[in-house]
Amino acid sequence: MIKLIERIGRSTIAMTESLGRASLFLWMILVGLNTFVARVSDVTRQLFNTGVLSLPIIMVSGLFVGMVLALQGYNTLKDFGAEDALGVMVALSMVRELGPVVAALLFAGRAGSSLTAEIGLMKTTEQLSALEMMAVNPVHRVVMPRFVAAIVALPLLTLIFMSIGMLGAHLVGVVWLGVDAGAFWGQIERSVDWHEDILNGMLKSIAFAFAVAWIALYQGYESIPTSEGVGRSTTRTVVQASLWILGLDFVLTALMFN
Amino acid sequence: MNAIELKHVSFNRGNRVIFKDVTMQIPQGKVTAILGPSGTGKTTLLKLMTGQEVPLSGEVKVLNTSVPNLKTKALLALRRKMGFLFQSGALLTDLNVFENVAFPLREQTQLSEGLIQNLVAMKLQAVGLRNAAKLMPSELSGGMARRVALARAIALEPEIIMYDEPFTGQDPISMGVLVKLIRELTDSMGLTSVVVSHDVAEVLSIADHVVILSDGCVIAQGTPAELEASGSDWVKQFLHGNPDGPVPFHMPGQHYSEDLVAQ
Ligand SMILES: Nc1ncnc2c1ncn2[C@@H]1O[C@H](COP(=O)(O)OP(=O)(O)O)[C@@H](O)[C@H]1O
Ligand SMILES: [Mg+2]
């Protein structure tokens with residue numbers, strides 16, 4: 001019993017400590033935004049690495065998710081004779097939920113893991129210490145540009161994911177299953193609210209981007225500088241980021257749509 | 001005159017004692033070698049001198065400034081007077097050779113582009129790699145990467161330069177080049193060089209002053225000749241690399257030869 005309490009106590013202390021370190025790290029990133037102007041070229045390069053290189057997986061997944069939603073939705077709606085509502089159904093699930101969440105999960109797996117591995121390896125090869133020795137703050141030079149790039153990239157990727165998803169739904173619903181195109185798109189136009197749905201979806205996406213970037217960069221920065229250490233941190237990034245995305249999604253949904 | 005002085009320094013990593021009581025002097029304008037087996041904390045010792053780590057107790061003075069108490073600004077200013085050659089070279093992998101050497105100049109000075117180009121060319125010339133300026137770090141051999149890192153370390157004309165295991169993993173020719181470069185740079189730029197290593201022969205060939213570290217303590221310091229003449233078994237074991245002796249050169253435990261027989 002005492003052992004159990006002791007263990008709980010110890011892990012609570014460890015958790016509090018790492019939360020504190022992570023907060024301090026975030027603070028350093030935010031302070032680093034001061035140097036943003038001097039680092040614009042670093043930011044654009046990272047935008048390419050995190051954003052453009054994630055495009056293929058986002059586009060392909062978006063297409064399939066849209067197609068599957070249309071197929072499932074059609075089978076359900078058909079029983080009620082409401083096939084015309086297919087477009088709205090897919091669009092609302094895409095914009096409110098699946099778009100932000102699935103795109104963020106994919107982003108955590110594709111870009112988050114590579115951010116952690118890259119920064120962990122930079123630590124292992126002493127590049128971060130070298131920056132410190134050259135009187136350059138590694139958080140400003142290495143971390144901040146990646147943080148900004150991730151927060152810009154994910155919402156854009158999410159928009160692309162949603163658009164391609166709707167295209168997939170159109171292909172399955174209208175082209176294949178024969179739902180009337182006018183009804184499909186007309187209902188979407190009438191029922192999807194700009195503020196209520198799209199803006200909230202984007203807000204979610206920004207929150208997820210913040211969480212993924214923070215976790216991935218922190219894990220890389222704090223990784224143990226060996227190949228196993230970096231490997232473990234990379235795994236931790238994907239697991240933690242995914243859980244945070246799903247948890248945040250619940251909280252944000254409760255706040256936004258209630 | 002000493003460039004660096006440590007007095008009764010102790011340092012822990014978690015519960016592990018790395019330094020118990022380290023006192024040493026590093027004379028100005030000379031090559032000082034710090035010798036010790038892998039994992040004794042040689043890199044850690046350098047990081048104490050650069051203020052990247054803070055001692056548990058004791059005094060660390062660099063260029064007559066006490067390092068552990070420095071505020072960030074003063075510490076960064078002090079680091080500008082120190083060059084550091086990392087074990088792995090630590091070139092920034094996203095920049096080419098030229099930009100790597102130019103990096104400290106761009107970050108720390110307001111020099112014009114033309115001046116930077118000339119300075120970088122001079123530094124690369126000094127290490128014999130002016131014609132590698134356009135290569136990326138991934139295209140360099142280990143020896144070349146270390147020479148580029150050396151050019152970067154001297155870009156801001158430091159007063160002290162620290163070499164962390166400069167010879168490890170080098171072929172004989174690169175090794176010879178590095179040995180020559182360290183000696184020449186020290187003499188021509190009036191630098192204070194600190195060379196951390198476990199390659200005894202190479203280091204002794206250029207060192208003016210030697211410090212031997214083991215088990216968290218300094219076990220001997222002096223000129224190579226003084227150490228050679230010293231009667232201590234510990235020192236002899238180090239200088240001649242005898243596998244067996246009072247200091248476990250390898251991690252304590254099963255002896256090497258037992259392991260070989262066992263297989
Ligand atoms: N960042 C770190 N965190 C925890 N332990 C470390 C860290 N860096 C080094 N150590 C440990 O401290 C000891 C001394 O390391 P180091 O100074 O690198 O030794 P050396 O350079 O002499 O080989 C080693 O046992 C190493 O495992
Ligand atoms: Mg070392």
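Chain letters run A, B, ... following the sequence lines, proteins first and then strands; every chain starts at 1.
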Original post:
Which one of B/T93, B/L78, B/T50 has the most heavy-atom pairs closer than 4.5 Å to chain A?
Top reply: B/T93
Original post:
Roughly how far, to the nearest 0.5 Å, is CG of B/L76 from CG of A/N137?
Top reply: 8.5 Å
Subject >> B/L95 portion near chain A, given a 4.5 angstrom heavy-atom threshold >> reply: side chain
Original post:
A/M134 and B/Q108: which non-hydrogen atoms are nearest, and at how many Å?
Top reply: O-NE2, 2.6 Å
**OP:** Look only at the side chain of B/Q52 and the backbone of A/E132, and say whether a donor-acceptor pair between them is shorter than 3.5 Å.
**Re:** no
Original post:
Quick one: are A/L131 and B/F103 in side-chain contact, heavy atoms under 4.5 Å?
Top reply: yes
Original post:
Does atom CD of B/Q110 have more than 12 heavy-atom neighbours from other groups under 6.0 Å away?
Top reply: no
**OP:** For B/M24, look at atom CE and say whether over 12 heavy atoms of other residues, nucleotides or ligands are found less than 6.0 Å away.
**Re:** yes
Subject >> Closest-packed option against chain A by number of heavy-atom pairs under 4.5 Å, given B/L156, B/L85, B/T72, B/L92 >> reply: B/L92
Subject >> Which portion of B/R79 sits near chain A, non-hydrogen atoms under 4.5 angstrom >> reply: both
Subject >> Atom group of B/L91 that falls short of 4.5 Å from chain A, counting heavy atoms >> reply: backbone
Original post:
For atom CD1 of A/I224, is the number of surrounding heavy atoms from other residues, nucleotides or ligands below 6.0 Å larger than 12?
Top reply: no
Subject >> Region of A/L121 that comes under 4.5 Å of a non-hydrogen atom in chain B >> reply: neither
Original post:
Just how far is it from atom CD of A/Q127 to atom CG of B/N100, taken to the nearest 0.5 Å?
Top reply: 8.0 Å
Subject >> Flag side-chain contact, heavy atom, 4.5 Å: A/M133 against B/M162 >> reply: no
Original post:
Does atom CH2 of A/W244 have more than 12 heavy-atom neighbours from other groups under 6.0 Å away?
Top reply: no
Original post:
Any sub-3.5 Å donor-acceptor pair from A/E126's side-chain atoms to B/Q87's backbone N or O?
Top reply: yes
Original post:
About how many Å separate OG of A/S129 and CG of B/L46, when rounded to the nearest 0.5 Å?
Top reply: 11.5 Å
